[in-house]
> 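Dropping a structure here in structure tokens format, bear with me for questions.
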Amino acid sequence: SLQNDLELFQSKLLNIRERLKARFQAKWLTEETIEYLQLYLKYRHDIPEQEVTKWLRNGFATVMILDNGEIIGDCWMGIESFPFPDRAIAEMLKQRGYAYFFKAYVDSCYRGRGIFPLLIDEQVVSARLKGVKTLFGAISPANIPSRKSVEKVGFKHFHTLHFFQVRGKSYAKLMKAHRSIKKRAYK
């Protein structure tokens, strides 16, 4: 799990924002801006339409970065609701002023050009307008490129999640904490 106080993003993202916003366009796909749905589904053919429409109905939104009308990256965000089965945890996060980012993707041709930080910047601006204090997400310890990307924009490791699978009357641990993750804040 990763988190960042939105105030810490300011200095890390300012240079990227000034450099890239003139070249790329940001658009939000929400339940209100459904006209971007077909463009999004063409780009993210790995996510079924019914899943996308379910997320939109549940109040999630994705920011998309476009280059000449084509999507080159996107990242989903939940503010009022969270994609967790435990409603108590979701309610606690909402009360504490958290927003959750998930399913970030940047086209392979555009990786390393600051698109992910631009996506996060758009989310930070939107989250601040809605009174959110902290943005957080979850990344697999094995996904080293994603971990490096979020570290560069100022996220810090704050907790390791463990997943369990129910087998009959017992639980089996699916994933142990990755040994390479140290219990320190990422800098």
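Excluded from the calculations below are hydrogen atoms, water molecules and symmetry mates; all remaining heavy atoms, backbone and side chain alike, are included. For this chain, numbers begin at 1 and follow the sequence in order.
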> For the residue pair Phe116 and Tyr105, establish whether any side-chain heavy-atom pair is separated by less than 4.5 Å.
no

> Tell me, do Gln25 and Asp67 make a side-chain contact under 4.5 Å, heavy atoms counted?
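With C-beta onward as the side chain, the pair stays apart.
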
> In sequence, state the C-alpha distance, the side-chain angles, and the governing distance for Arg113 and Arg23, and then conclude on side chain to side chain contact (heavy atoms under 4.5 Å, CB included).
CA-CA 12 Å; Arg113 295 187 186 180; Arg23 173 155 184 230; 4.2 Å; yes

> Quick check for you: to the nearest 0.5 Å, what is the distance between Ile139 atom CD1 and Lys148 atom NZ?
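If I round to the nearest 0.5 Å, the distance is 13.0 Å.
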
> Do side-chain atoms of Arg111 reach the backbone of Val106 as a donor and acceptor pair under 3.5 angstrom?
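Checking the backbone N and O of Val106 against the side chain of Arg111, a donor-acceptor pair under 3.5 Å is found.
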
> Are any non-hydrogen side-chain atoms of Asn68 and Glu70 less than 4.5 angstrom apart?
no

> For Ile115 and Gly73, which heavy atoms make the closest approach, and how far apart are they?
CG2-CA, 4.4 Å

> Does any N or O in the side chain of Asn58 come within less than 3.5 Å of the main-chain N or O of Lys54, such that one atom is a donor and the other an acceptor?
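A pair under 3.5 Å: yes.
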
> Nearest 0.5 Å, what's the CD-CG distance between Glu51 and Leu41?
11.5 Å

> Measuring from Leu37:CG to Lys42:NZ, what's the distance to the nearest 0.5 Å?
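Output value for this atom pair is 13.5 Å.
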
> Can you tell if the side chain of Leu66 reaches within under 4.5 Å of the side chain of Met64, non-hydrogen atoms only?
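Leu66 reaches Met64 side chain to side chain.
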
> For Cys75 and Phe101, work out which heavy atoms get closest and say how close.
SG-CD1, 3.8 Å

> Please find the pair of heavy atoms, one from Trp28 and one from Ser126, that lie closest to each other, and give the distance.
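Result for this residue pair: CZ2-CB, 3.7 Å.
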
> Name the one of Phe155, Phe102, Tyr98 that satisfies ring pair (Phe, Tyr, Trp, His ring centres under 6.0 Å) with Phe136?
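Answer after filtering Phe155, Phe102, Tyr98: Tyr98.
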
> Ignoring hydrogens, what is the shortest heavy-atom contact between Thr53 and Gln50? Give both atom names and the distance.
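Smallest interatomic distance, heavy atoms only, reads OG1-O, 3.1 Å.
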
> Ignoring hydrogens and geometry, is there a side-chain-to-backbone donor-acceptor pair from Asn143 to Ser146 under 3.5 Å?
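Yes; at least one donor-acceptor contact below 3.5 Å.
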
> Write down the atom of Tyr40, the atom of Thr62, and the distance for their closest heavy-atom approach.
CE1-CG2, 4.0 Å

> Contact between Gln38 and Glu49 at the side-chain level, heavy atoms closer than 4.5 Å - yes or no?
yes

> Could you tell me the separation between the CZ atom of Arg96 and the NZ atom of Lys133, rounded to the nearest 0.5 Å?
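Nearest 0.5 Å value for the CZ-NZ distance: 10.5 Å.
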
> Output the distance between atom CG (Leu119) and atom CZ (Phe24), rounded to the nearest 0.5 Å.
10.5 Å

> Are the side chains of Ile65 and Asp74 in contact, using a 4.5 Å heavy-atom criterion?
no

> Are Leu135 and Tyr100 side-chain neighbours, meaning at least one heavy-atom pair lies under 4.5 Å?
no

> For the residue pair Ile34 and Leu29, what are the closest heavy atoms and their distance?
CA-CD1, 4.3 Å

> Would you check if Phe60 and Met77 make a side-chain contact, meaning some heavy-atom pair closer than 4.5 Å?
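No, too far: nothing below the 4.5 Å cut-off.
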
